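A quick write-up on the structure given underneath.
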Amino acid sequence: MKNQKLGLISVVSTGVGLVIATSCMLSLCQGASQIGTFFIVSIVIACGLNMLTAASLAELNALMPALTGGLAQYTLAGLGPFVTLVSMVGGYLICNSLTAPVEGTMFAFAMQEITGLPVPAPVFSVSLTVLLIIANLLGVDMFAKVQNVVAVLLIGSMILLGIIGVLGMGTGKEVVQPFTANDSNLLDGITMSAAAFWLFIGVEFIIPISKDVKNAKRNIPLGMFLSLGIICVIQIVLVLGIHHYVSWDALRESSSPHILYGLHLLGGFGKVWIGIVAVLAAVSTQNSVINSIPKICYGMSKMNMLPEIFQKTNRHGAPSAGILIYGTVIIFIEGSGLASTDGVSFLILTASVFWMVSYIISHVNVLVLRRRMPKAPRNFKIPFGPVLPLIGIAGTAYMIFHISSDPAQRMQIWMVTGGIFLFLAFYAAVWIKKRMKLPMFRAVSLEQVMAMEHPLYYKLRKKQREQRP
């Protein structure tokens, strides 16, 4: 493991690979169908706010480097165990347990579209997940090999498909239509930034692999910013390409608008090509999630915030228990048919709220830890004092408030997320009182949080617990 270090390319591949998912392609097309090219404004705003979050996370990582739990450990040191459990279990474990199977299901539908074989969708999705579980159990080197190849093919294909559309080089008939849809304006572009937020979610999963990264001080923040910038350019080019070849009305009515774009752009070949892109996106996303979530669980288990089983690793250094447990959850949901393309938009927006809350907390952590430890060494620090974190908090809160343009759907999303947060609050209170035995809202010292990374800390804590009367 010590010799298998990831370079900047692997870091960017992880960031881009996790963020660009099939569901992102769906969200991009749905957003463009509603307001046309004004959705580019939404994309730029969402990218900017996610870059602010990446900057906050980079500063936290600089203050507390090489922590496997990432945001969980930052929040434990900043706001205490209660906020940590609620935000991490809700914002990461629950969200990814729901959205990763959706990616697998969309992969299965793309495979059915490409091959034309009468194979049930769960066979494709479960097979993919099993292969990626095996790859990640073989350690960080195998993860990097899979991720780098897939990311290069994915990025290259999406850029080419966008450029062909922008330059009018497709074999299909170009569409003459206004740049905007539904009489939209600039304000709509700002409001729709919540829908574009999903296009950039997840770049922070680079943080848990920081131990395996060469020159992490430079490559972690740079990798996050480059990932977001590359994704932003890709999405903008695709919106402009779509404008030339698919009418906004047809895009809005299609259940697979990204497949429709490929068909209108290059005919049957384009349909297969973008289907392959959807397959690559699903592979890349699931590979990144299966690699990163178990590492977060590993770090949280060290803090006694999850069961001890998540600390089990194999001879390759991979968190094998977490990979197998999390992979089994994904396989169960895929095999049961609970994940489907029906209601994907609602699921994406609901998951976005959880993620947005965790991003707000990352900004708050920066402000709290700056006030508590102003002179602590940080090799990366967000400039302009508290201004940028506060802008990040305000902008993300605005997107939560405008999470959907449909008032009824917006209220449903708030009710679902509110109900889950109430359940998580109850769970966190019981777990902290019975298992952690810590004050719920008292921050744990930075030294203690970092000490939790050492394997002797866990052994000593277990020995002390056994010696108690």
Side-chain angles (χ1 to χ4, degrees), residues 16 20-47 106 109-110 112-114 116 152-193 195-196 198-200 229-281 341 344-345 405:
V16 174
I20 295 184
T22 315
S23 55
C24 290
M25 297 166 65
L26 188 64
S27 297
L28 176 75
C29 292
Q30 289 175 339
S33 72
Q34 293 185 47
I35 60 174
T37 54
F38 269 125
F39 195 61
I40 292 175
V41 176
S42 310
I43 291 171
V44 172
I45 292 173
C47 181
M106 295 183 76
F109 289 148
Q112 288 179 323
E113 192 81 29
I114 294 171
V152 168
L153 293 174
L154 176 62
I155 294 169
S157 290
M158 293 188 73
I159 290 175
L160 282 174
L161 285 166
I163 290 176
I164 291 171
V166 170
L167 298 180
M169 297 168 60
T171 58
K173 183 179 179 181
E174 290 190 55
V175 175
V176 178
Q177 62 179 337
F179 280 93
T180 60
N182 297 327
D183 299 321
S184 56
N185 52 44
L186 184 60
L187 181 59
D188 294 318
I190 297 172
T191 304
M192 285 286 289
S193 59
W198 185 259
L199 306 179
F200 301 95
I230 290 170
I231 293 164
C232 185
V233 172
I234 291 173
Q235 309 289 13
I236 290 172
V237 171
L238 280 171
V239 169
L240 294 175
I242 290 169
H243 165 256
H244 281 145
Y245 281 92
V246 186
S247 71
W248 303 128
D249 290 338
L251 198 68
R252 193 179 309 116
E253 294 168 1
S254 175
S255 58
S256 300
H258 53 298
I259 300 292
L260 183 67
Y261 171 56
L263 182 63
H264 283 211
L265 181 69
L266 296 168
F269 173 73
K271 179 181 177 181
V272 172
W273 188 4
I274 207 161
I276 292 173
V277 170
V279 169
L280 292 171
T341 53
V344 165
S345 177
S405 56

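Side-chain atoms are counted along with the backbone in the values below, which use heavy atoms only and exclude waters and symmetry mates. In this text the structure is predicted, and so the values were computed from the model without any measurement.
- The backbone N or O of Leu251 sits nowhere less than 3.5 Å from a side-chain atom of Ser33 that would complete a donor-acceptor pair.
- In this structure, Ser27 and Trp198 approach most closely via the heavy-atom pair OG-CD1, 3.8 Å.
- Between Thr171 and Leu266, the closest heavy-atom pair is OG1-CA, 3.3 Å.
- Across every non-hydrogen atom of Leu265 and Leu161, the tightest pair is CD2-O, 3.6 Å.
- Separation of atoms CE (Met169) and CD1 (Ile163) is listed at 9.0 Å; rounding is to 0.5 Å.
- Considering every non-hydrogen atom in both Tyr261 and Leu238, the closest pair reads CE2-CD2, 4.2 Å.
- Judged by distance alone, with hydrogens and angles left aside, the side-chain atoms of Trp248 form a donor-acceptor pair with the main-chain N or O of Pro178 at under 3.5 Å.
- Considering His264, Gln177, Glu174 as possible partners of His244, the one that fulfils the side-chain contact (heavy atoms from CB on, under 4.5 Å) test is Glu174.
- Residues Leu199 and Phe39 share a closest heavy-atom pair of CD1-CE2, 4.1 Å.
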Is there a side-chain contact (heavy atoms from CB on, under 4.5 Å) between Thr37 and Leu240 once you walk through the steps?
CA-CA 7 Å; Thr37 54; Leu240 294 175; 4.2 Å; yes
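- For Ser157, the side-chain hydrogen bond (donor to acceptor under 3.5 Å, both in side chains) partners two or more places apart in sequence, or in a different chain, are Trp273.
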Phe179 and His243: side-chain contact (heavy atoms from CB on, under 4.5 Å), yes or no, with the steps?
CA-CA 7 Å; Phe179 280 93; His243 165 256; 3.5 Å; yes
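- Shown are Leu28, Ile35, Asp188, Ile190; of these, the side-chain contact (heavy atoms from CB on, under 4.5 Å) with Ser42 is made only by Ile35.
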Determine, stepwise, if the pair Ile43 / Phe200 fulfils side-chain contact (heavy atoms from CB on, under 4.5 Å).
CA-CA 9 Å; Ile43 291 171; Phe200 301 95; 3.7 Å; yes
What's the verdict on side-chain contact (heavy atoms from CB on, under 4.5 Å) for Val175 and Val246, showing C-alpha distance, side-chain angles and the deciding distance?
CA-CA 6 Å; Val175 175; Val246 186; 5.8 Å; no
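- Closest approach of Ser254 to Leu260, counting heavy atoms only: CB-CD2, 3.9 Å.
- In this structure, Tyr245 contributes its side chain and Gly168 its backbone to a donor-acceptor pair below 3.5 Å.
- The only member of Ile231, Ile230, Val237 that meets side-chain contact (heavy atoms from CB on, under 4.5 Å) when paired with Ile234 is Ile230.
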